[in-house]
Amino acid sequence: MKHWIALALLWAGAVWAAPLRLHPVATNVWFAQGEAALGSTENRNFISNAGVVVTPAGVVVIDALGSPALAEELLEAIRAITPLPVRYVVLTHYHADHIYGLQVFKDRGATVIAHQAGRDYLQSDTALLRLQASREALAPWIDASTRLVPADRWIDGDMTLELGGERLHIRRVGPAHTPEDLTIFVEGPRVLFAGDLAFRGRIPYVGQADSRGWIAALSTLIDATPAVIVPGHGPASTEALADLKLTRDYLQYLRDTMGRAAAAMTPFDEAYADTDWTAFQHLPLFGAANRMNAYNTYLLMERSEP
C-alpha cells in the first residue's frame, strides 16, 4: 500500500515537478540530473544526481537520490532500458539528498557499498535531526517510513568492483566534502562519477567540509583526465578540467579571503562585505549558499593553519 501511495504522490507531483529522465553519458552509462535548487516539496528533493551503469550481469547505481519516491522513479527508468536487477548501489557520501532513496534499492536486494566513515554520520544526532526536519519540510516525499540505511559493505580504502566484465574503480578521496567521500571511475568509457567533489554550473555546498582536503582531492581528479565527469550536482561534462577547476578555484578563494580576514581578526560581516565576489556571483545558488560557505570557511580558518 505504501508503494502505491508513493507512486500516486509522485504522479500527482509530476504536474509541477521536473520528471526524472536518464541521460546517456557513454555506452551503457546514464545519469539522472537533479535541479539546481535547494530541496523542497515542489521538487521532491530532486537536487542531486544519480548514475546508472548497465552490465551483462546486472546494474550498478551510484547514489540513491533524495527521497524514496525518486528512487522508485529511478528504478522505473532503469527498467525501461534493461530488465536486469540493480545489484549494487555505491554511495559517494551520506548527505541526505543522496541517500533518502536508499531503502528502495535495499528492499529489492541491492548490496550497498560506502566508506566506513559514513558510519559516524549515521550514528550521529545530526543525521537523526536532519531526517526529522526533512519529514516536516519535505513532506510527503520524506515521511515516517523514510529511514537511514547503513551500507552492507563498508570499505576503508580503494576497491575495484567487477560486474559483467565492467570494472568500476572506487576511490577514497575524503576527508574533503565529507569524511567519507568516494569517487567511482568506470574504466571502459572513462567516466568519472565525482559525487559532491564537483559541482557544475552552481555554487557548491561547503558545510563543515575539510576544504584543504577537498582542494587536494580535486587536483588528483584533474590529473586523472577522465573523458566525462558526472558531478554530484549539475550536468555531465566532457570539459572535466574546467569544471573541476571551477570548484577548486572557488574553494581556494574562500580559504584565501576568509583566511586573511580571520588572521587579521576582521569581523566576519565586515570581511564578507569587503570581499569581491564578482567571479562567482553569477552562478546559481550564490545567494542561497555563498554567505554560509564563507562563514563556515571563516570559522575553519580561525581554528587551523591556512
Side-chain angles (χ1 to χ4, degrees), residues 36 48-49 63 91-95 97-98 115 117-118 120-121 157-158 169-185 192-226 228-234 236-237 239-264 266 268 271-272 275-286 288-306:
S48 64
N49 297 342
D63 287 340
L91 295 178
T92 60
H93 62 298
Y94 259 94
H95 276 176
D97 53 323
H98 297 258
H115 189 270
D120 293 336
Y121 175 75
D158 300 348
H169 301 281
I170 302 170
R171 182 171 184 178
R172 195 274 172 100
V173 290
H177 178 67
T178 67
E180 69 270 15
D181 287 314
L182 296 175
T183 61
I184 297 89
F185 183 71
L192 175 69
F193 288 93
D196 281 7
L197 289 188
F199 286 69
R200 188 174 184 224
R202 56 158 282 188
I203 289 292
Y205 168 69
V206 174
Q208 305 301 314
D210 178 348
S211 54
R212 183 202 293 271
W214 193 343
I215 290 168
L218 285 168
S219 297
T220 300
L221 297 182
I222 290 169
D223 292 341
T225 62
V228 182
I229 182 170
V230 180
H233 300 263
S237 174
E239 299 177 353
L241 187 63
D243 294 319
L244 292 172
K245 282 183 174 179
L246 173 63
T247 302
R248 185 180 65 177
D249 291 349
Y250 174 71
L251 295 172
Q252 190 62 60
Y253 190 70
L254 286 177
R255 289 181 65 88
D256 290 345
T257 55
M258 296 301 102
R260 285 194 296 269
T266 304
F268 170 74
Y272 187 84
T275 299
D276 180 5
W277 300 107
T278 305
F280 307 103
Q281 63 187 14
H282 66 286
L283 293 172
L285 295 185
F286 176 87
N290 189 67
R291 186 180 181 89
M292 183 58 68
N293 288 345
Y295 182 65
N296 286 338
T297 303
Y298 181 91
L299 296 179
L300 174 69
M301 303 306 285
E302 274 191 323
R303 337 184 264 274
S304 63
E305 291 296 324

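We're numbering straight along the sequence, starting at 1. All values below come from the heavy atoms of this structure, side chains included, with hydrogens, waters and symmetry mates left out.
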* Taking atom types as modelled and ignoring hydrogens, do the side chains of Y94 and D120 form a donor-acceptor contact shorter than 3.5 angstrom? -> no
* Asked: Which heavy atom of Y205 sits nearest a heavy atom of H177, and at what distance?
  -> O-CE1, 2.9 Å
* Structure fact -> Closest non-hydrogen contact found for A198 with I229 is CB-CD1, 4.0 Å
* Hey, does the side chain of N293 reach the backbone of V206 with a donor-acceptor pair shorter than 3.5 angstrom? -> yes
* Asked: Within the side chain of D181, is there an N or O that forms a donor-acceptor pair under 3.5 Å with the backbone of V173?
  -> no
* Asked: How many angstroms lie between CZ in R260 and CE in M301, if you round to the nearest 0.5 Å?
  -> 10.0 Å
* Asked: Got a second to check how far D249's CG is from L244's CG, nearest 0.5 Å?
  -> 10.5 Å
* Asked: Looking only at side chains, do H169 and D158 share a donor and an acceptor under 3.5 Å apart?
  -> no
* Is there a side-chain contact between H115 and I170, using heavy atoms and a 4.5 Å cut-off? -> no
* Could you tell me the separation between the OG1 atom of T178 and the CH2 atom of W214, rounded to the nearest 0.5 Å? => 9.0 Å
* Would you give the length of the straight line joining atom CE of M292 to atom OG1 of T297, rounded to the nearest 0.5 angstrom? => 11.0 Å
* Asked: Got L218 and L251 here, is their nearest side-chain heavy-atom distance under 4.5 Å?
  -> yes
* Y272: which of Y295, W277, Y298 passes ring pair (Phe, Tyr, Trp, His ring centres under 6.0 Å) -> W277
* Which heavy-atom pair separates A176 from A217 by the least distance, and what is that distance? -> CB-CB, 4.5 Å
* Decide yes or no for K245 and Q252: does some side-chain heavy atom of the first lie under 4.5 Å from some side-chain heavy atom of the second? => no
* Asked: With a 4.5 Å heavy-atom cut-off, do L91 and D63 have their side chains touching?
  -> yes
* Structure fact -> Smallest heavy-atom separation, A271 atom then T266 atom, equals N-CG2, 4.0 Å
* Asked: Are I203 and Y250 close enough that some pair of their side-chain heavy atoms sits under 4.5 Å apart?
  -> yes
* Asked: Roughly how far apart are D196 CG and T92 OG1, rounded to 0.5 Å?
  -> 6.0 Å
* To do: Decide side chain to side chain contact (heavy atoms under 4.5 Å, CB included) for L182 and R171; before the verdict, give the C-alpha distance in whole Å, the side-chain angles of both, and the deciding distance to 0.1 Å.
  => CA-CA 5 Å; L182 296 175; R171 182 171 184 178; over 6 Å; no
* Parallel, tilted or perpendicular: which describes the rings of H93 and H95, with under 30° parallel and over 60° perpendicular? -> perpendicular
* Asked: Can you tell me how far the CG atom of N296 sits from the OG atom of S211, to the nearest 0.5 Å?
  -> 10.0 Å
* Would you say the side chain of N49 lies within less than 4.5 Å of the side chain of F193, judging by non-hydrogen atoms? -> no
